[in-house]
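Here's the structure, in structure tokens; my notes come after.
Hydrogens, waters and symmetry mates play no part in the numbers below; they use all other heavy atoms, side chains included. Keep in mind that what you see is a predicted model, and the values were worked out from it rather than measured. Just so it is clear: chains get the letters A, B, ... in the order the sequence lines come, proteins before strands, and each one is counted from 1.
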2 protein chains.
Amino acid sequence: MATNKLQNELKKKRPFESPEQEAALNVLRTNDQLQNRFLRLFREYGVTPSQYNILRILRGEGKPMPSLEIGERMIQVVPAMTGLIDRLEKQSLVRRERCLEDRRVIYIVLTEQGEQLLAKLDDPVAELHRALLGHLSKSELAELSRLLEKARQKIQLEKE
Amino acid sequence: MATNKLQNELKKKRPFESPEQEAALNVLRTNDQLQNRFLRLFREYGVTPSQYNILRILRGEGKPMPSLEIGERMIQVVPAMTGLIDRLEKQSLVRRERCLEDRRVIYIVLTEQGEQLLAKLDDPVAELHRALLGHLSKSELAELSRLLEKARQKIQLEKE
DNA sequence: CGACGATACTTAACATGTAAACTAATCGCA
DNA sequence: TGCGATTAGTTTACATGTTAAGTATCGTCG
């Protein structure tokens, strides 16, 4: 075929220079659309995707964590954490607690309100995942995850 | 197996709730890492990924375009375009030109400097794509693109 | 021809992400 | 002991993306 879907979606006049570039743009575009949908869902509950991510990480860990450690599990660079935590604290979804043994460290504690918000979001989030990606078969989803994981291998290595 | 790669990467203690969620997080994480690498490359040349994207769209079109039309080809919402164009204009990579027939419309024109910057970036960009994704076979890349395109079908339908 | 709605774009206010520079506390080791 | 390097976190400055509201221009219909 002379043109393909993404090319058409982007109204590109020329074909892609390489399958690598096409795949990279597909990742970018799919991510943008997914993020956009979750952004809207989270907004109904007063949080942003990043804020939700932090709450999820805290719940997953099951106990307070230093903010840098949370940052490591996200893609984010350190300074972004400060403001993010500031806003979560303002909503009383987390609490800062200085570590007594090492006074440089500040633990982030998930509050009761934070737990409750997460609980309220569990079903809508799972449902949105299904609504957006449920038309792919289990084996397609598994293959997609496999390919994306393989894609990241090289990227991470180069990261140093 | 009890755990998988992404689960491990995220230091998650519990498995994913669904293959849909796992795939969505894989898209997110892969995108972040890809974007991060391109961010660094573009920065060496004084532009950001969004700015580069605009220049590419202009070159692809081959003639000046209204800024809203450029915005449509990106994921972006309208107001972001103004600042983006402002900064490109400050670097003399594009130029604003008011349309004489319809004075509401402002055409964005790729300048000679813009063309030159794009030309300088062509090789490094292609090379980075290969460096980051070249370890996937052609058929894997094709399958990845196919799955991502299929993933977007539902997302787009659900839009607005 | 003149007001009203639509269209193209801008402005403002805010959340996020990046880099660079800073502060405070701890560690290592002479 | 005590000084320099390291580590945790904050601040600042700026680019980007979002929503809501504003401005200018155009088209149309009464």
Side-chain angles (χ1 to χ4, degrees), chain A residues 28-29 31-54 64-72 74-91 93-94 96-108 159, chain B residues 28-29 31-55 64-72 74-91 93-94 96-108 159-160:
Chain A
L28 171 63
R29 199 151 179 98
N31 181 69
D32 279 353
Q33 296 190 358
L34 281 173
Q35 283 301 102
N36 197 285
R37 296 304 303 275
F38 278 97
L39 181 73
R40 295 191 221 173
L41 171 63
F42 293 140
R43 187 159 38 222
E44 293 172 29
Y45 293 81
V47 288
T48 64
S50 293
Q51 292 176 357
Y52 176 74
N53 198 4
I54 292 180
M65 295 172 71
S67 63
L68 286 197
E69 207 171 307
I70 299 176
E72 273 167 33
M74 305 170 61
I75 300 296
Q76 339 230 345
V77 140
V78 180
M81 295 304 298
T82 300
L84 227 33
I85 303 284
D86 283 350
R87 284 178 289 270
L88 280 172
E89 200 171 26
K90 202 178 298 174
Q91 290 187 263
L93 299 173
V94 304
R96 277 184 168 93
E97 236 167 59
R98 191 172 285 276
C99 171
L100 298 179
E101 296 83 58
D102 184 342
R103 293 176 42 73
R104 289 170 306 180
V105 176
I106 294 189
Y107 279 107
I108 311 303
K159 220 169 178 181
Chain B
L28 171 62
R29 196 148 180 100
N31 180 69
D32 280 352
Q33 296 190 358
L34 280 173
Q35 283 299 102
N36 197 285
R37 297 302 306 272
F38 278 98
L39 181 73
R40 295 191 220 171
L41 171 63
F42 293 140
R43 188 159 35 223
E44 293 172 30
Y45 293 81
V47 288
T48 64
S50 293
Q51 291 175 359
Y52 176 75
N53 197 4
I54 292 180
L55 298 178
M65 294 172 72
S67 62
L68 285 196
E69 209 170 307
I70 299 175
E72 274 168 31
M74 305 170 61
I75 300 294
Q76 342 229 343
V77 139
V78 180
M81 295 303 299
T82 300
L84 228 33
I85 303 284
D86 283 348
R87 285 178 289 269
L88 281 172
E89 200 171 26
K90 202 179 298 174
Q91 290 187 264
L93 299 173
V94 304
R96 277 182 167 95
E97 236 167 61
R98 189 172 286 277
C99 173
L100 298 178
E101 296 84 57
D102 184 342
R103 293 177 43 72
R104 290 169 306 181
V105 176
I106 294 187
Y107 278 106
I108 311 302
K159 233 175 172 173
E160 123 258 13

| request: Nearest-nucleotide wise, let me know which of Thr82(B) and Val77(A) is further upstream toward the 5' end of DNA chain C. | output: Thr82(B)
| request: Look at all strands and tell whether Arg98(A) reaches a base, only sugar-phosphate, or nothing, counting heavy atoms closer than 4.0 Å. | output: nothing
| task | Kindly give the heavy-atom pair with the smallest separation between Arg103(A) and Leu100(A), and that separation in Å. | result | CG-O, 4.0 Å
| query | Nearest 0.5 Å, what's the CG-CD distance between Leu84(A) and Glu89(A)? | reply | 12.0 Å
| request: Measure the OG1-CZ distance between Thr82(B) and Arg87(B) for me, rounded to the nearest 0.5 Å. | output: 10.0 Å
Per-pair distances, 0.1 Å, donor-acceptor, side chain in residues 46-54 of chain A, under 3.5 Å, sequence neighbours excluded:
{"from": "Thr48(A)", "atom 1": "OG1", "to": "Gln51(A)", "atom 2": "N", "distance (Å)": "3.3"}
{"from": "Gln51(A)", "atom 1": "OE1", "to": "Thr48(A)", "atom 2": "N", "distance (Å)": "3.4"}
{"from": "Tyr52(A)", "atom 1": "OH", "to": "Arg56(A)", "atom 2": "NH1", "distance (Å)": "2.7"}

| query | Less than 4.5 Å apart, any side-chain heavy atom of Leu88(B) and any of Arg96(B)? | reply | no
| field | Which residue lies more 5' along DNA chain C, comparing Met74(A) with Asp102(A) via nearest heavy atoms | value | Met74(A)
| query | How would you give the extent of chain A contacts on DNA chain C, as first and last nucleotide 5' to 3' within a 4.0 Å heavy-atom cut-off? | reply | dA15(C) to dT26(C)
| request: Would you mind classifying the nucleic acid contact of Ser50(B) as base, sugar-phosphate or nothing, using non-hydrogen atoms under 4.0 angstrom? | output: sugar-phosphate
| Which part of the nucleic acid does Pro79(A) contact within heavy-atom distance under 4.0 Å: base, sugar-phosphate only, or nothing? | base
| task | Please figure out whether Met81(A) or Val47(B) has its closest DNA chain D nucleotide nearer the 5' end. | result | Met81(A)
| task | Supply the atom-to-atom distance Met81(A) CE to Asp86(A) CG, rounded to the nearest 0.5 angstrom. | result | 10.5 Å
| query | In Å, rounded to the nearest 0.5 Å, how long is the span from CG of Asn36(A) to CG of Leu41(A)? | reply | 12.0 Å
| field | Residue whose nearest DNA chain D nucleotide is more 5′ - Leu68(A) or Leu39(A) | value | Leu68(A)
| task | Drop me the distance from Gln35(A)'s CD to Phe42(A)'s CZ, to the nearest 0.5 angstrom. | result | 8.5 Å
| Spatial distance of atom CD1 (Ile108(B)) from atom CG (Leu55(B)) [nearest 0.5 Å] | 11.0 Å
| task | Taking heavy atoms of chain B and a 4.0 Å limit, find me the 5'-most and 3'-most nucleotide of DNA chain D within that range. | result | dA15(D) to dC26(D)
| request: Remember a base hit wins even if backbone is also touched, and classify Glu101(B) as base, sugar-phosphate or nothing at under 4.0 Å, heavy atoms. | output: sugar-phosphate
| message | Over all strands shown, is Val105(B) touching base, sugar-phosphate only, or nothing at heavy-atom distances under 4.0 angstrom? | response | sugar-phosphate
